[in-house]
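All residue numbers refer to positions in the sequence shown, counting from 1.
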Amino acid sequence: MRTADADAVFNTLNGDSNVAFFREYRNVGLTPQQMPVVSVSIAEEEVGGIGVQNITGQLTAWNYYQTVDNPVNKAFVKAYKDKYGANKPTSDPMEAAYVSVYLWKLTAEKANSFAVNDIQNAADGVTFDAPEGKVTIDGENHHITKTARIGEIRQDGLIYTIWESPGPIEPDPYLKSYPWAAGLSS
């Protein structure tokens, strides 16, 4: 990494591989200021396992962090900690599962049916005020709008937003809006 003349490392490692990676990263004298690492699979739950001393200052890319500052998230975090303990963090995968259940509920209610086709047909425009912020189902592809966030891992083991998209981003799972992707799928 030091000789690659890169500006950052894009980390797609999962699980225990992150423990060894960040330990060695630190052991060779690299710092987040010299060579930041942007991880896409490290949430608040993984920070303790990696060791906060090994990962403080590093970056993550998710849609949700426990520290998102809005009333819905504050209530979500409080309810979670009241049930599971003050030292148990919430995380993006956890919040995504929570949101999915509510979106399904709202869509089934809109369809007034449990039939898959009815629910799919009713999905367009279903919106939920989620802990991460407002999300809406796109009826054409059944993906949801989400706000993109870059976060920094701090000494307390939590991740704090340092950048976010101006609002929820429309889903484009088939890369239709990207000229460089033309011809990738048929």
Distance alone, cut at 3.5 Å: any donor-acceptor contact between the side chains of Y64 and S91?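 The criterion, which ignores hydrogens and geometry beyond distance, is not satisfied for S91 and Y64.
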
ILVMFWY cluster, [X] and [Y] together (side-chain gap under 4.5 Å):
X: V99; Y: I119; value: no
X: Y160; Y: V47; value: no
X: V77; Y: V101; value: no
X: I137; Y: L106; value: yes
X: L184; Y: Y178; value: yes

Considering residues at least two apart in sequence or located in another chain, which fulfil the ring pair (Phe, Tyr, Trp, His ring centres under 6.0 Å) criterion with Y102?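 Y102 satisfies ring pair (Phe, Tyr, Trp, His ring centres under 6.0 Å) with Y98, F128 once adjacent residues are dropped.
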
Not counting sequence neighbours, which residues clear ring pair (Phe, Tyr, Trp, His ring centres under 6.0 Å) with W163? List them please.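 Applying ring pair (Phe, Tyr, Trp, His ring centres under 6.0 Å) to W163 gives none.
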
Kindly indicate whether the side chain of [X], heavy atoms from C-beta on, has any atom under 4.5 Å from the side chain of [Y].
X: T136; Y: I144; result: no
X: F21; Y: V9; result: yes
X: T90; Y: P131; result: no
X: E132; Y: V68; result: no

If hydrophobic residues (ILVMFWY) are linked whenever their side-chain heavy atoms come closer than 4.5 Å, directly or via other members, who joins Y84 in its cluster?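 Taking Ile, Leu, Val, Met, Phe, Trp and Tyr as members, Y84 shares its hydrophobic cluster with Y80, M94.
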
My understanding is that a hydrophobic cluster links ILVMFWY residues whose side chain heavy atoms are under 4.5 Å apart, including indirect links. Using that, what else belongs to the cluster containing V40?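 F10, listed by chain and number.
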
Tell me if a side-chain donor or acceptor on [X] pairs with a main-chain N or O of [Y] at a distance below 3.5 Å.
X: N54; Y: F22; result: no
X: T107; Y: L103; result: yes
X: H142; Y: A123; result: no
X: T145; Y: E170; result: no

With D69 via salt bridge (charged side-chain N to carboxylate O under 4.0 Å, His left out) - residues at least two apart: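 K74.
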
Test of understanding: with salt bridge (charged side-chain N to carboxylate O under 4.0 Å, His left out), list the residues that count as partners of E140, not counting sequence neighbours.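 In terms of salt bridge (charged side-chain N to carboxylate O under 4.0 Å, His left out), with neighbours along the sequence ignored, E140 is linked to K176.
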
Which residue pairs pass the salt bridge (charged side-chain N to carboxylate O under 4.0 Å, His left out) test when at least one of the two sits in [range], sequence neighbours left out?
range: residues 100-124; value: K105-E109
range: residues 81-102; value: K78-D82
range: residues 31-55; value: none
range: residues 14-35; value: none

Start with the C-alpha gap between I159 and Q66, add the side-chain angles, then the distance that decides, and say whether side-chain contact (heavy atoms from CB on, under 4.5 Å) holds. CA-CA 7 Å; I159 304 170; Q66 177 177 293; over 6 Å; no

Identified side chain to side chain donor-acceptor pair (under 3.5 Å) counterpart of S41 within the set N14, T12, N11: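 Only match with S41 under side chain to side chain donor-acceptor pair (under 3.5 Å): N14.
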
Atom OG1 of T67 and atom CZ of R149: how far apart are they, to the nearest 0.5 Å?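 T67 atom OG1 to R149 atom CZ measures 9.0 Å (nearest 0.5 Å).
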
Are more than 12 heavy atoms from other residues, nucleotides or ligands located less than 6.0 Å from atom CG of D7?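 Count not over threshold, so no.
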
At their closest point, which heavy atom of P171 faces which heavy atom of D138, and how far apart are they?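 That would be CG-CB, 3.7 Å.
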
Might you point out which heavy atoms bring G49 and V19 nearest each other, and give the distance in Å?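 So the two residues come closest at O-CG2, 3.5 Å.
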
Extract all donor-acceptor atom pairs below 3.5 Å that involve side chains of residues 55-63 and protein atoms in other chains or at least two apart in sequence.
| from | atom 1 | to | atom 2 | distance (Å) |
| --- | --- | --- | --- | --- |
| T56 | OG1 | V52 | O | 2.6 |
| Q58 | OE1 | V37 | N | 2.8 |
| Q58 | NE2 | Y25 | OH | 3.3 |
| T60 | OG1 | Y65 | OH | 2.9 |
| W62 | NE1 | I42 | O | 2.7 |
| N63 | ND2 | T147 | O | 2.9 |

Applying side chain to side chain contact (heavy atoms under 4.5 Å, CB included), can you list everything that pairs with Q34, at least two apart in sequence or on another chain?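 Counting only residues at least two positions away or on another chain, Q34 forms a side chain to side chain contact (heavy atoms under 4.5 Å, CB included) with L30, T31.
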
